[in-house]
Amino acid sequence: MKNINSKKIISMIVTILIAFSLSACSQGKQSVAVSKIDSIKEKGKIVIGTSADYPPYEFHKSIQGKDTIVGFDIEIAKEVAKDLGVKLEIKDMKFDGLLAALETGNIDFVAAGMTPTEDRKKNVNFSKIYYTAIQCVVIRTEDEGRIKSLEDLKNKKIGVQKGAVQEQLAKEQLSTSEIKPLGKVSDLILSLNTKKVDAVIVELPVAKAYVNQNSSLTLSKVQLKTKEEGSAVAVKKGNEDLVGSINTTITKLIKDKTIDKLVEDANKGAEY
Ligand code: ARG
């Protein structure tokens, strides 16, 4: 009798345990299936990852004595957050760490003047393109007469942002130059001023912003063989609902010409 009872109790416990673990499993599955937007809304915030060294896209600015990250990517991100009805949290990091941060869930999306290349598309999803620009080469004003063509960059030190399309471009088109990849564009500009590099490749609006702040620097006449490159927002693969919502926001901003105005405003305020 005693034996039967304890057997019964054990089998009951086992059944309960199995039921528990099964429900835990299915809950686990459910939470994977929960939409990204739902989980963002639940948290009440969306986290943007950016590399705030790229005026007028994103840069640091002292506003009423407080270090603030501004730029037209940030304004677009604010609109994305507003349309979702949540707060925006900004995480500033090196450009080459952004996609890994997306993968680990440290950030929800990337807005950093990022070009939707085929290589990147293998790992992340991109929104539609919201802005396009061409690549150009910044040099020291004193070298203006000496550096006018790709040829003149032979055996020179070329600064590029690590992990950016400019790094690849330099490797392809300036194979006889010494390529120096650095994490932050602000450090590239410093290296140019201190003669650690002789030229820096960035997108035109960024080049203009830095040149405007540095009388010792200028835009070179060097023509790189590139077409216009677009910028798009990146999200983790699988977050289709979030890309959809971001695309709706971007379409609205393009249609009512808000993006043009945001770029113009950011250009006016661009400093680093
Ligand atoms: N468009 C280039 C790329 O996607 C450079 C972007 C750099 N952005 C930045 N915030 N520093 O690789």
Side-chain angles (χ1 to χ4, degrees), residues 47-61 68-78 88 90-103 107 109-138 158-174 179-192 197 199-211 213 224-235 250 259 262-263 266-267 269-272:
V47 185
I48 172 192
T50 194
S51 174
D53 56 356
Y54 222 56
Y57 294 72
E58 49 267 334
F59 53 104
H60 286 264
K61 188 173 177 157
T68 315
I69 295 175
V70 296
F72 69 84
D73 274 345
I74 307 301
E75 293 305 315
I76 293 172
K78 281 186 193 161
L88 178 72
I90 305 174
K91 288 196 181 167
D92 183 20
M93 52 189 83
K94 285 185 186 154
F95 186 78
D96 69 336
L98 287 168
L99 294 187
L102 201 55
E103 190 56 43
I107 55 178
F109 69 111
V110 172
M114 188 176 270
T115 309
T117 62
E118 289 311 313
D119 246 10
R120 289 176 181 153
K121 279 185 196 163
K122 286 179 199 149
N123 302 311
V124 293
N125 280 349
F126 280 101
S127 71
K128 56 163 69 177
I129 286 174
Y130 57 82
Y131 188 71
T132 55
I134 54 163
Q135 304 294 346
C136 67
V137 181
V138 182
I158 315 294
V160 287
Q161 186 161 40
K162 213 172 172 188
V165 295
Q166 289 85 355
E167 184 178 10
Q168 194 54 35
L169 194 145
K171 282 183 184 155
E172 284 162 14
Q173 292 184 40
L174 297 162
I179 316 290
K180 298 236 170 202
L182 289 184
K184 284 279 182 186
V185 175
S186 34
D187 289 332
L188 289 171
I189 297 297
L190 193 68
S191 300
L192 186 57
V197 298
V200 171
I201 309 175
V202 283
E203 272 137 328
L204 182 62
V206 182
K208 281 187 181 161
Y210 278 110
V211 164
Q213 297 297 319
L224 293 159
K225 288 175 233 123
T226 53
K227 37 181 186 351
E228 278 198 335
E229 305 233 55
S231 294
V233 172
V235 303
I250 290 177
I259 294 227
L262 293 178
V263 174
N267 262 322
E271 58 184 55
Y272 55 92

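Just so it is clear, the model here is predicted, and its values are computed rather than measured. Ligands are counted one by one from 1 in listed order, and the atoms in each one are counted from 1 as well. We're numbering straight along the sequence, starting at 1.
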Contacts of type side chain to side chain donor-acceptor pair (under 3.5 Å), residue Glu58, not counting sequence neighbours
Thr50

Rounding to 0.5 Å, atoms CD1 (Ile76) and CD1 (Ile48) come to a distance of 9.0 Å

Assess, by modelled atom type and distance only, whether the side chains of His60 and Asp53 contain a donor and an acceptor separated by less than 3.5 Å.
no

Enumerate the protein residues lying less than 4.0 Å from ligand 1, judged by heavy-atom distances, in chain and residue-number order.
Ser51, Asp53, Tyr54, Glu58, Phe95, Ala112, Gly113, Met114, Thr115, Arg120, Gln161, Ala164, Val165, Gln166, Glu203

Contacts of Lys128 meeting salt bridge (charged side-chain N to carboxylate O under 4.0 Å, His left out) (sequence neighbours excluded), chain-then-number -> none

Say you draw a straight line from CD of Glu228 to OH of Tyr131; how long is it, rounded to the nearest 0.5 Å?
9.0 Å

Restricting to side-chain contact (heavy atoms from CB on, under 4.5 Å), what partner residues turn up for Gln173, sequence neighbours left out?
Leu150, Leu169, Leu224, Lys225, Thr226

